[in-house]
Undergrad: 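A single structure is presented below for examination.
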Amino acid sequence: MSAVVDSHGHGHEHHHDHHGGYSGIMRWITTTNHKDIGTLYLWFSFIMFLVGGAMAMVIRLELFSPGLQWVNPDFFNQMTTMHGLIMVFGAIMPAFVGFANWLIPMQIGAPDMAFARMNNWSFWILPFAASLLVISFFMPGGAPGVGWTMYAPLTVQMGIGMDFTIFAVHLLGMSSIMGSINIITTILNLRAPGMTLMRMPLFCWTWLITAYLLVAAMPVLAGAVTMTLTDRHFGTSFFNAAGGGDPVLYQHIFWFFGHPEVYIIALPAFGVISQVIPAFSRKPLFGYASMVYATSAIAILSFIVWAHHMYTVGMPVTGQLFFMYATTLIAVPTGVKVFNWVATMWKGALSFETPMLFAIGFLFLFTLGGFTGLVLSLAAVDIQLHDTYYVVAHFHYVMAIGAVFAGFAGIYFWLPKWTGRMYDEKLGKWHFWLSTIFINMTFFVQHFSGLAGMPRRVPDYPLMFETWNKISSIGAFGFGLSQFLFLYIVLKAIRSGEKAKDKQWEGADSLEWTHLPSPAPYHSFETQPVIK
Amino acid sequence: MDSPQREWAFLGSSHGFSVLLKRNCSISPKGMICVFAMLAAVTLSIALGFALAGAWLVLPFAGLEVVALVLAFLWTARHAADYERIEFAPGRLCVEVAEGRRLRRHELDRGALRARHAPERGCVVLGVAGAEDEIELGRHLHAEARSGLADALNRTLRL
Amino acid sequence: MASNWVRYLAVSVAGVAGLAAAGLALAAPWNLQPAVTKIAADIHSLHEYVMILVTIIFCGVFGAMFYSVYAHRKDKGHKAAQFHESTTVEVLWTVIPLVILVIIAWPATKVVIAQKDTSQADLTIKVTGYQWKWGYDYVKGEGEGIHFLSQLATPRDQIEGRKPKGEHYLLEVDNELVVPVNKKVRILATGGDVIHAWWVPAFGAKQDAIPGFIRDIHFRAERTGVFRGQCTELCGKDHGYMPIVVRVVSADEYTKWVGEQKSKAAAAAGEPKKIAVAAKTARQ
């Protein structure tokens with residue numbers, strides 16, 4: 001007779017003293033605990049969200065009226081550039097890495113991430129990168145004013161702030177790669193017995209695929225900014241036509257990274273939504289397998305559509321057509337996801353707590369952004385809309401509304417599990433409605449100004465666009481202010497929220513709800529569960 | 001959550017059986033190689049493609065990333081196959097410990113053997129009281145399970 | 001109840017905002033500018049066609065969702081069904097979107113091909129983007145040899161708010177590009193320093209002006225008038241201040257304009273010669 005006892009093991013890295021032996025700030029600096037690191041990521045991203053948001057306020061303030069009122073065009077360009085970089089790399093990505101750190105080990109029944117120490121480094125690189133970005137404002141010539149896409153050869157004209165930004169991007173890339181390798185290894189190697197890949201919560205699936213995308217795309221970005229650096233200082237001519245290079249090559253490289261990046265942001269958001277909607281529909285996710293396949297299909301397609309960001313560079317007709325067809329194809333798997341979410345709600349027993357409101361908001365508004373994406377995918381139409389406010393509206397619908405709403409949904413959903421305390425449901429609903437109304441005010445009208453011909457990245461505009469810009473600015477101020485309500489709700493929950501139940505949401509069925517108390521203990525699943 | 005006691009309950013019930021303690025690896029090292037090799041291949045071929053288009057500076061970064069992937073793989077694979085097997089035979093206790101590339105076998109007389117949970121060493125120590133020869137067990141278990149293992153071993157040894 | 005009160009307030013605020021927006025929409029331009037070329041008209045109809053399709057799908061999907069939100073509520077006592085897959089349905093909603101895409105792709109392809117056909121142009125003009133003005137060279141066709149720079153004519157005082165803004169604020173230049181009506185004009189775009197983009201919305205023509213490379217587009221304006229656009233690729237500080245203004249004129253007027261430009265150019269070219277002659281005479 002033989003009995004097998006499987007057990008996990010980290011042999012070497014067990015901290016059985018509660019917080020790794022340090023207290024105060026040192027606890028956070030030295031922590032290798034996935035929950036601590038998740039918390040760090042989330043707070044970091046919220047701070048960056050406010051910093052990037054403040055820059056958006058400067059942009060909207062200047063655009064409130066035609067003419068130059070508050071800032072000069074140079075500073076305006078620096079604002080648009082840093083707003084983009086900080087929101088993408090500082091706010092949205094780290095927020096979802098924070099979710100990944102908190103949730104993946106708990107959802108697959110693992111005690112921690114596979115490389116706990118490396119996890120600490122991946123986080124602590126970020127504050128340095130963010131500081132470099134902020135310091136660049138105080139350099140001679142200020143921060144780069146080239147847009148977050150950093151197109152050559154404009155980058156060559158920038159001051160030393162550009163180099164700071166390049167180093168910051170390198171650091172951010174390093175952090176992402178370490179994080180991704182960690183996530184891939186954790187998901188593949190540390191699943192509890194019985195937790196097969198096709199039984200994993202969809203959030204883990206979307207992150208597994210996202211991590212793949214990051215690993216494939218990040219070296220390309222690192223290469224792109226390095227070539228920018230050598231073109232600036234070391235006499236190379238990668239992107240300089242006079243030296244035999246090609247400025248358009250930069251765009252190809254950037255968008256080869258940039259388009260997967262869009263899904264790096266969107267896929268974890270899909271994952272969060274796929275957890276929230278079934279929980280409040282009290283019904284299993286519809287079409288789990290097709291969700292997994294659709295996510296993979298989106299990821300694969302994301303590598304062959306990059307040049308749809310470049311319809312106006314003058315590609316040959318075959319190029320325009322190939323990228324147009326490939327891009328429209330993305331609508332198919334994305335459609336499958338949307339249909340599946342709606343089918344999950346169909347005939348459920350729906351209730352509308354704050355996470356569900358944000359999830360429905362996501363579903364509705366993200367799809368709206370998806371449809372304008374379809375419009376933009378048509379090369380012929382894009383010629384008219386490229387680099388106008390229509391594009392700004394489109395990508396803010398999928399990112400500033402899509403990803404951010406998914407983030408809010410996730411935070412309200414898991415806050416009881418993380419902190420053991422409930423947020424104020426009434427205030428949460430206020431936060432949802434205020435955010436939804438103001439963000440639509442901000443971005444819906446930008447479709448109109450874009451269609452009518454307003455270019456993006458301009459500090460000033462012809463008089464006919466004034467109405468739309470006024471509405472947009474008021475909406476932006478309202479949205480910005482509403483986020484302080486969010487901060488208040490979270491702080492209030494942590495300080496004096498009602499005690500949360502272990503399974504706060506009736507329909508939630510992943511391990512963190514079914515197997516762990518609220519708040520989740522500092523060390524969870526040291527005895528691993530067996531999933532039947 | 002299963003309590004540690006229940007996990008070891010069967011230990012006391014019979015003589016002729018073995019316990020296998022191993023790390024929980026939900027993917028085999030071979031599977032891991034496939035996954036990482038695929039990632040490296042994709043990254044390198046993308047970088048090669050760009051190098052051919054004139055942007056060779058993507059290559060060094062892809063190279064660095066592949067190095068990171070290899071290191072990560074080695075780190076997980078080094079101890080992926082570690083195990084400890086405890087076999088009870090009449091009068092004897094056989095312990096087999098595989099650690100990295102080393103495999104050690106111990107055959108012990110059950111007579112004076114005692115197991116002791118040693119939290120400071122992160123293992124269960126098996127040996128004859130006073131003797132220098134000791135075997136460390138239970139490295140793949142967490143603290144509570146280790147003390148459970150020590151109790152269960154002692155109970156079985158006394159049978 | 002408090003949560004109901006929140007809901008009513010939110011709905012009424014949204015309603016008021018919606019009405020206000022609708023009211024303003026009547027006053028402000030909200031759609032693509034009126035088309036002056038066939039391609040721009042084709043882009044309009046393609047855009048409308050896609051928007052109609054998309055709106056139908058949107059209403060279908062979210063009609064279902066909001067019906068569910070209305071009918072399948074827990075507080076109404078609706079019990080959750082437990083179905084979670086249906087291969088038929090899943091295949092269906094993969095295939096139907098594919099078919100719709102093919103239906104869209106057909107007209108879209110036609111317009112792309114038309115946009116890219118720059119052959120047999122009547123007039124070829126090279127456009128060079130500089131920081132922050134445009135250079136125009138008539139390289140082939142009537143007016144060959146004409147070249148000039150075109151930059152923002154809006155005074156600084158208007159931009160900085162010291163004077164009221166004029167009707168064509170930011171959309172006026174010193175030297176307009178002049179082209180004949182109903183003639184196929186080929187634009188060769190290039191950049192002098194960084195990348196710019198030449199765009200006239202009414203023509204449905206936009207092309208990045210890339211330093212070191214020449215890329216072409218074309219348009220055939222079908223009526224006379226003045227058409228305005230702006231640079232659409234971030235090109236540094238004054239990216240927002242380098243408009244494009246094209247004056248489309250009748251064939252006769254165009255010939256007259258070419259004549260004027262030629263004599264102006266000749267006068268300018270003659271100037272140094274005259275001075276040289278004068279200098280020679282003086283020495284004698």
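Worth saying up front: this structure is predicted, and the values here are computed from it rather than measured. Side chains included, hydrogens not; waters and symmetry mates left out as well; all remaining heavy atoms used.
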Undergrad: Checking C/Ile210 against chain A: side chain, backbone, both or neither under 4.5 Å from a heavy atom?
TA: side chain
Undergrad: Is A/Gln251 in contact with chain C via its backbone, its side chain, both, or neither, using a 4.5 Å heavy-atom distance?
TA: side chain
Undergrad: What about the rings of A/Trp346 and C/Phe83, do their centers lie closer together than 6.0 Å?
TA: no
Undergrad: Indicate whether the side chain of C/Gln115 and that of A/Gln320 have a donor and an acceptor atom separated by less than 3.5 Å.
TA: no
Undergrad: Chain C heavy atoms under 4.5 Å from A/Ala289: which part of the residue, side chain, backbone, both or neither?
TA: neither
Undergrad: ring-ring contact (aromatic ring centres under 6.0 Å, His included) for C/Trp93 and A/Phe286? Distances and angles first, verdict last.
TA: CA-CA 13 Å; C/Trp93 66 40; A/Phe286 185 87; 5.7 Å; yes
Undergrad: May I ask you to name which of C/Glu167, C/His78, C/Lys79 has the most heavy-atom pairs under 4.5 Å with chain A?
TA: C/His78
Undergrad: Contact part of C/Lys74 toward chain A, heavy-atom cut-off under 4.5 Å: side chain, backbone, both or neither?
TA: both
Undergrad: Decide yes or no for C/Thr232 and A/His386: does some side-chain heavy atom of the first lie under 4.5 Å from some side-chain heavy atom of the second?
TA: no
Undergrad: Flag the one option from C/Met51, C/Gln131, C/Arg228 with the top tally of heavy-atom pairs under 4.5 Å to chain A.
TA: C/Gln131
Undergrad: Under the criterion side chain to side chain contact (heavy atoms under 4.5 Å, CB included), which of C/Leu101, C/Ile100, C/Ile104, C/Val102 is the partner of A/Thr328?
TA: C/Leu101
Undergrad: Could you look at A/Met310 and say if it's the side chain, the backbone, both or neither that has a heavy atom under 4.5 Å from chain C?
TA: neither
Undergrad: What part of A/Ser449 gets within 4.5 angstrom of chain C, counting heavy atoms only: side chain, backbone, both, or neither?
TA: neither
Undergrad: Side chain, backbone, both or neither: which part of A/Val313 has an atom under 4.5 Å from a heavy atom of chain C?
TA: both
Undergrad: Relative to chain A, which segment of C/Tyr169 carries a heavy atom at a distance below 4.5 Å: side chain, backbone, both, or neither?
TA: both
Undergrad: Ring centres of A/Phe364 and C/Phe58 under 6.0 Å apart?
TA: yes
Undergrad: Based on non-hydrogen pairs under 4.5 Å, which of A/Gly287, A/Pro462, A/Ala331 is most in contact with chain C?
TA: A/Pro462
Undergrad: Quick one: what part of A/Gln446 sits under 4.5 Å from any heavy atom of chain C, side chain, backbone, both or neither?
TA: neither
Undergrad: Given heavy-atom pairs under 4.5 angstrom as the criterion, report whether the side chain, backbone, both or neither of C/Ser86 touches chain A.
TA: both
Undergrad: In terms of heavy-atom proximity below 4.5 Å to chain C, should A/Leu374 be classed as side chain, backbone, both, or neither?
TA: side chain
Undergrad: By a 4.5 Å heavy-atom criterion (distance strictly below it), what part of C/Arg156 contacts chain A: side chain, backbone, both, or neither?
TA: side chain
Undergrad: Please determine, among A/Leu363, A/Thr80, A/Thr344, the option with the most heavy-atom pairs under 4.5 Å with chain C.
TA: A/Leu363
Undergrad: Report which part of A/Leu434 has an atom under 4.5 Å of a heavy atom belonging to chain C: side chain, backbone, both, or neither.
TA: neither
Undergrad: Where does A/Phe352 contact chain C at under 4.5 Å (heavy atoms): side chain, backbone, both or neither?
TA: side chain
Undergrad: Does any heavy atom of chain A fall under 4.5 Å from the side chain of C/Val112, the backbone, both, or neither of them?
TA: both
Undergrad: Less than 4.5 Å apart, side chain to side chain, heavy atoms only: is that true for C/Gln33 and A/Met464?
TA: yes
Undergrad: Please state whether the side chain, the backbone, both or neither of A/Asp246 comes within less than 4.5 Å of a heavy atom of chain C.
TA: both
Undergrad: Which one, C/Arg215, C/Glu85, C/His84, leads in non-hydrogen pairs under 4.5 Å with chain A?
TA: C/His84
Undergrad: Any idea which of A/Asn72, A/Val338, A/Leu378, A/Thr149 has the most non-hydrogen atom pairs under 4.5 angstrom with chain C?
TA: A/Leu378
Undergrad: In the structure I gave you, are the side-chain heavy atoms of C/Phe62 and A/Thr367 within less than 4.5 Å of one another anywhere?
TA: yes
Undergrad: Which bit of C/Ala81 is near chain A, if near means a heavy-atom gap under 4.5 Å: side chain, backbone, both or neither?
TA: both
Undergrad: Under 4.5 Å heavy-atom distance to chain C, tell me which part of A/Met345 shows up: side chain, backbone, both or neither.
TA: both
Undergrad: What I'd like to find out is whether the side chain of A/Gln384 reaches to under 4.5 Å of the side chain of C/Leu32, using heavy atoms alone.
TA: yes
Undergrad: What part of C/Leu171 lies closer than 4.5 angstrom to a heavy atom of chain A: side chain, backbone, both or neither?
TA: side chain
Undergrad: Roughly how far apart are A/Glu466 CD and C/Lys165 NZ, rounded to 0.5 Å?
TA: 8.5 Å
Undergrad: Of all of A/Thr436, A/Val156, A/Asn340, A/Thr372, which one pairs up most often with chain C through heavy atoms under 4.5 Å apart?
TA: A/Asn340
Undergrad: Please state whether the side chain, the backbone, both or neither of A/Tyr151 comes within less than 4.5 Å of a heavy atom of chain C.
TA: side chain
Undergrad: Can you tell me how far the CG atom of C/Leu170 sits from the CG atom of A/Leu463, to the nearest 0.5 Å?
TA: 7.5 Å
Undergrad: Can you tell me which portion of C/Glu90 sits under 4.5 Å from chain A's heavy atoms? Options are side chain, backbone, both or neither.
TA: side chain
Undergrad: Can you tell which of A/Val336, A/Thr155, A/Ile360 has the highest number of heavy-atom pairs within less than 4.5 Å of chain C?
TA: A/Val336
Undergrad: Can you find a pair of side-chain heavy atoms, one from C/Val89 and one from A/Phe339, that are under 4.5 Å apart?
TA: no
Undergrad: Where on A/Asn77 is there a heavy atom nearer than 4.5 Å to chain C: the side chain, the backbone, both, or neither?
TA: side chain
Undergrad: Tell me, do C/Glu233 and A/Leu154 make a side-chain contact under 4.5 Å, heavy atoms counted?
TA: no
Undergrad: For each of A/Gly450, A/Gly314, A/Ser281, tally heavy-atom pairs with chain C at distances under 4.5 Å, and name the one with the top tally.
TA: A/Gly314
Undergrad: Between C/Gln158, C/Lys206, C/His168, which shows the greatest number of heavy-atom pairs under 4.5 Å with chain A?
TA: C/Lys206
Undergrad: Contact between A/Met454 and C/Gln230 at the side-chain level, heavy atoms closer than 4.5 Å - yes or no?
TA: no
Undergrad: If you count heavy-atom pairs under 4.5 Å between each of C/Lys76, C/Lys110, C/His47 and chain A, which one has the most?
TA: C/His47
Undergrad: Are C/Leu234 and A/Arg456 close enough that some pair of their side-chain heavy atoms sits under 4.5 Å apart?
TA: no
Undergrad: What part of A/Pro66 is in contact with chain C, defined as an atom under 4.5 angstrom from a non-hydrogen atom: side chain, backbone, both or neither?
TA: both
